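FYI, the numbering just counts along the sequence from 1. Since we're looking at a predicted model, the values are computed, not measured.
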Amino acid sequence: MIRRVFLCGLLAALSLAAMGQSRAPDVSVFADLRPTLSWREGEGGEAHWYDRAGRPSVVGLRLAFPDGKRIMVSQRLERLPSTADRDSLDEYFIEEPGVWRFGKQVLPIGSRASFRELAPAVRFDTRLAVANLPLSIAYADMGAGEARGVAGRIGRDLGVSFAFGEHWGTQSGTLSMIQKPGHALGKGSGFESFWGADATWISGIFRLEAEWMSFRSPEVSTLRELDISDFRTTWLNPTGEEKMTFGWARSWRTGENFFRLEGEFRAADNATWLPYTRLNKGRLDEFGFGVRVRF
């Protein structure tokens, strides 16, 4: 029901936007494909249309209006298992970039590398009077048993994020550095609140990133509160086309450490190879490779 309301609102906004324009919008079709083949200890190989971080392959449509407003709709090629977000549509929204966004979207929480959840939401982007820091804040409602409440982030390269409400952390794009996308918490689970901090430094050909995530007030008795850290060091090819990332994630409640090595190497125009390896408790936990094709 919630998704239908947002879709109807998006269509109404599209009609109003079109009526107010003196000329037709620019229309473009796009695709972002991420076929991935992976192997896990004790399991056979798997082939999917989403990558190891839970980001799906999508095809979509963009409309850019003369007054700066934009509309985007994207369709998944494969639904992710376990995740609370079972829509075939990945995103659909209308926005005035840097001011507001209305529709289903990636919520403004953290760096999006460790906490990536989507929901129908109303989002506003502004700046605080103190230090002129950017603030993104959204009210999201994915429906019963799924993410609902207020979420946001304050800051630039150094930021603080928060989420309050219910069922946070249930989608496959969250905590992908310590679990497979198919092992997401799923609908009806999650946490009532989240807070986190993230920081990024760039020095020459290296990018250093650090992120802290705390999940509080579990929705189900089988869950425990989580405190997760994630450190990433990325080597950037001076040409800007290739990179290699080493990551270390730790669950401080259980003491588990997860190490990963990920690459991105040019394969052809608009295409890159994406090999990766992950270790847990000193053993090879998962490895695989994918291809990302964009046009």
Any chance you could lay out the salt bridge (charged side-chain N to carboxylate O under 4.0 Å, His left out) test for Arg216 and Asp227, step after step, and finish with the verdict? CA-CA 9 Å; Arg216 295 291 181 264; Asp227 290 304; 2.9 Å; yes
Do Arg148 and Glu166 sit within salt-bridge range, that is, some charged N less than 4.0 Å from a carboxylate O? yes
Asp26 with Arg62: basic N within carboxylate O range, under 4.0 Å: no
Distance-only polar pair, side chains of Ser111 and Glu211, donor-acceptor under 3.5 Å: yes
Between Arg253 and Glu225, does any NZ, NE, NH1 or NH2 come within less than 4.0 Å of an OD or OE carboxylate oxygen? yes
Is a side-chain N or O of Gln75 found less than 3.5 angstrom from the main chain of Val59, in a donor-acceptor match? no
Modelled atom types, side-chain donor and acceptor of Tyr92 and Gln105, under 3.5 Å: no
Is the distance between the ring centroids of Phe265 and Trp273 less than 6.0 Å? no
Flag the pair Arg260 and Glu286 as a salt bridge only when some basic side-chain nitrogen lies within less than 4.0 angstrom of an acidic carboxylate oxygen. no
Is there a donor-acceptor pair under 3.5 Å between the side chain of Ser74 and the backbone N or O of Glu91? yes
Lys/Arg-Asp/Glu bridge criterion (N-O < 4.0 Å) met for Glu209, Arg207: yes
Testing the basics here: between Ala151 and Ile109, what is the closest heavy-atom pair and its distance to 0.1 Å? CB-CD1, 3.7 Å
Hey, is the main chain of Asp90 close enough, under 3.5 Å, to the side chain of Asp87 for a donor-acceptor pair? no
Spacing of CZ belonging to Arg153 relative to CG belonging to Leu135, to within rounding of 0.5 Å: 10.5 Å
Using a distance-only test with no angle check, is there a side-chain donor-acceptor pair under 3.5 angstrom linking Thr174 and Glu117? yes
Looking only at heavy atoms, what is the nearest atom pair of Ala210 and Trp201, with distance? CB-CZ3, 4.3 Å
In terms of side-chain heavy atoms, does Thr170 have a donor or acceptor partner in Trp168 at a distance below 3.5 Å? no
Please find the pair of heavy atoms, one from Ser161 and one from Phe194, that lie closest to each other, and give the distance. CB-CE2, 4.1 Å
Go through the side-chain N and O atoms of Asn257 and Arg250 and say whether any donor and acceptor fall under 3.5 Å apart. yes
If every non-hydrogen atom of Arg112 is compared with every non-hydrogen atom of Leu107, which pair is closest and at what distance? NE-O, 3.5 Å
List the steps, then state whether side chain to side chain donor-acceptor pair (under 3.5 Å) holds for Trp248 with Asp230. CA-CA 6 Å; Trp248 167 42; Asp230 189 28; over 6 Å; no
